[in-house]
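Heads up: numbering here begins at 1 and tracks the sequence.
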Amino acid sequence: MIQKKGQKAMEYLHVTLLLALFVPLVYAVTGWSDPAGTAVLYLKCLLAAVPVVVTGLAAGRLRSVILYFLSGVLLLVCVGAAAYAIVFMTDRGGGLAGYAYCYLAGMLVETIFLVIKRFADRVKAARQRREEPLAAEYVSVLERPSLSLVWYFVVFYLLGFLLNAEPLCDISFYSAIVYTFLALAYEYFGATKNYLEINRRTKGISRRRLYGVSLCLLLIFALFLLLGMLPAILLAGQRQYTDIREWFSGIVPVPYEYENDTGFQSPAAAGGPDWMTILNDGKPAPEPSKIVYAVFFVLGAVCVLVFLGGVILLIRQVLRDFRSSSDENGDLVEEIEDDLFHPKEVFLSRRGRCGAESEAARIRRQYRRTIRRHRKERPAPYESPTEIEERAGLLDDVQMQQLHREYERVRYGKIQENCRISDE
């Protein structure tokens, strides 16, 4: 439990470090600076941790879309009030300047982004569970810190270097160092946990000994990595900044004069007939008939109706995915219908083609739905059918054994994909 909460805290810190660079970037582009200093500016930007944590909890526990967005509006008001209070306490000029308004707007924009992004991630995860029940779990960019994201801080560091912005360089540089060790720790705990889950049936593996030995190796590697970073930390004050905006400031555009007044003008603009008159042998272009107008009007109306219908269906499916993805306690909920009343089978039966669906597809679908009915968590990609059935509590079930043999025949055997007409 402690390890799980620790990994969740690392995920929150991961998102906070990513979002804390946008306000300093705006300061670098506009030329503003915080009179309180770089350290105070970075601490103010870490206010993004509040919407990160709140939106994460809301997306994981709230089931109603209305409650979720109401909590988002309340969060937006609270973050705006907190940002204004922080600016009021740290402002030395006694009035709100441009940099203060920029900070307030940055905090509000980051909060809105988190609310929308969490909602979209939850809908995508629910859609993937519905369409591919045995596929790998959907992972958002707001989850799971990774060493591959260090380039993100490198890009901001280069932008600060090219915009002559020392605060942005310092913030991105030290954030990259902190994020590197954060990603290492997260990868360590995740890899160790996965190893123990894969080998939990193996006797003789001491959990405490495994964590102790691997943690010592991780600390030794982190120590050597920190020693390699020391020269860059000690020479941080010797950077030679430049401003890319001044590279082309001395270049003056050369004027170009046309040989005549017409230049690239159209014939009508130059005083002659338009293109349609020229193409029609000097005669005016004919007006379209009322039938053409009516046809295009009907086509436009049909396109608008189809577009509106698609938008309504999309919104309906998004609301359904958000609602069915989790309950009030945060547990996953799967909408499972009876095989006898599956919409596809009902449609085929009404048209007299119950056997039109291939036998292999029918067996695979029945197997997936049976597993989903008895097992709440998603099977791992490395689990075999026997392990999946054992963890679902169906290993001794007689019907499941028959379904298992049919499923194995589908996976490793050959079944003719033919259509059969039902005699019923």
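Side chains of Thr386 and Ser384: no donor on one and acceptor on the other come within 3.5 Å. With 3.5 Å as the limit, one finds no donor-acceptor pair spanning the side chains of Arg61 and Tyr68. No donor-acceptor contact under 3.5 angstrom links the side chains of Glu408 and Tyr367, judged on distance only. Judged by distance alone, the side chains of Ser214 and Tyr188 do bring a donor and an acceptor atom under 3.5 Å apart.
Under the 4.5 Å side-chain criterion, counting only non-hydrogen atoms from C-beta, Phe119 is in contact with Phe69. Two residues are said to be in side-chain contact when any heavy atoms from C-beta on lie closer than 4.5 Å; Thr370 and Leu403 meet this criterion. Contact check for Val79 versus Val54: no side-chain heavy atoms found under the 4.5 Å cut-off. Inter-residue side-chain proximity for Val29 and Leu159 is flagged as unmet; no heavy-atom pair is nearer than 4.5 Å. Between Val311 and Ile315 the shortest side-chain heavy-atom distance falls below 4.5 Å. For the pair Val52/Arg118, a side-chain contact is recorded, criterion being any heavy-atom separation below 4.5 Å from C-beta on. Annotation: side chain of Cys45 is in contact with side chain of Pro24 (closest heavy-atom distance under 4.5 Å). The shortest side-chain heavy-atom distance between Ile371 and Gln366 does not fall under the 4.5 Å cut-off.
Nearest heavy-atom pair, Gly72 versus Val115, reported as atom, atom and distance to 0.1 Å: CA-CG2, 4.1 Å. Taking every heavy atom of both residues into account, Leu21 and Leu168 meet most closely at O-CD1, 4.1 Å. Across all their heavy atoms, Leu108 and Gly80 have their closest contact at CD2-CA, 3.7 Å. For Tyr138 against Gln128, the heavy-atom pair with the smallest separation is CB-OE1, 3.5 Å. Residues Leu163 and Arg245 share a closest heavy-atom pair of O-NH2, 3.5 Å. Residues Ala48 and Glu110 approach most closely at CB-OE1, 3.4 Å, considering heavy atoms.
Shown here is Phe296, whose CZ atom has no more than 12 heavy atoms of other residues, nucleotides or ligands within 6.0 Å. Atom CD1 of Ile291 has 12 or fewer neighbouring heavy atoms from other residues, nucleotides or ligands inside a 6.0 Å radius. In Lys117, the NZ atom is crowded: over 12 heavy atoms of neighbouring residues, nucleotides or ligands sit closer than 6.0 Å. Within 6.0 Å of CD1 on Ile66 lie no more than 12 heavy atoms contributed by other residues, nucleotides or ligands. The local environment of CZ in Phe221 is sparse, with at most 12 non-hydrogen atoms from other residues, nucleotides or ligands closer than 6.0 Å. A 6.0 Å sphere centred on CD of Gln399 holds no more than 12 heavy atoms belonging to other residues, nucleotides or ligands.
To the nearest 0.5 angstrom, Leu142 atom CG is 8.5 Å from Leu18 atom CG. In this structure, the separation between CG on Leu308 and SG on Cys303 is 11.0 Å, given to the nearest 0.5 Å. Rounding to the nearest 0.5 angstrom, the gap separating the SG atom in Cys169 from the CG atom in Asn164 is 9.0 Å. Atom CG in Leu17 sits 7.5 Å away from atom CG in Leu46 (nearest 0.5 Å). In this structure, Leu226 CG and Ile177 CD1 are separated by 8.0 Å, a value rounded to the nearest 0.5 Å. In this structure, CD in Gln401 is found 7.0 Å from CG in Asp396, a value given to the nearest 0.5 Å.
Note on Glu11 versus Lys8: salt bridge recorded, some NZ/NE/NH1/NH2 to OD/OE distance being below 4.0 Å.
Checked against a 6.0 Å centroid threshold, the rings of Tyr174 and Tyr42 do not count as neighbours.
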Before giving the answer on ring pair (Phe, Tyr, Trp, His ring centres under 6.0 Å), spell out for Phe22 and Phe156 the whole-Å C-alpha distance, their side-chain angles and the decisive distance to 0.1 Å. CA-CA 9 Å; Phe22 285 100; Phe156 277 85; 5.7 Å; yes
Practice item. Before giving the answer on side chain to side chain donor-acceptor pair (under 3.5 Å), spell out for Arg239 and Tyr157 the whole-Å C-alpha distance, their side-chain angles and the decisive distance to 0.1 Å. Key: CA-CA 12 Å; Arg239 303 191 196 104; Tyr157 178 82; 3.0 Å; yes
Output, in order, the C-alpha distance, side-chain angles, deciding distance and verdict of side chain to side chain contact (heavy atoms under 4.5 Å, CB included) for Leu75 and Thr111. CA-CA 8 Å; Leu75 174 65; Thr111 304; 4.0 Å; yes
Query raised in the report: After noting the C-alpha distance and the side-chain angles of Leu114 and Leu19, does the key distance pass the side chain to side chain contact (heavy atoms under 4.5 Å, CB included) rule?
Result: CA-CA 10 Å; Leu114 287 171; Leu19 294 178; 3.8 Å; yes
**OP:** Kindly determine whether Cys102 and Thr30 satisfy side chain to side chain contact (heavy atoms under 4.5 Å, CB included), including the steps that lead there.
**Re:** CA-CA 10 Å; Cys102 176; Thr30 56; 5.7 Å; no
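Between the side chain of Tyr103 and the backbone N or O of Val23, no donor-acceptor pair lies under 3.5 Å. The backbone N or O of Ala59 lies less than 3.5 Å from a partner atom in the side chain of Arg122, making a donor-acceptor pair.
Classification of the Tyr99-Tyr27 ring pair by plane angle, with boundaries at 30° and 60°, yields perpendicular.
Residue His14 forms a ring pair (Phe, Tyr, Trp, His ring centres under 6.0 Å) with just one option from Tyr179, Tyr152, Tyr186, and that option is Tyr179.
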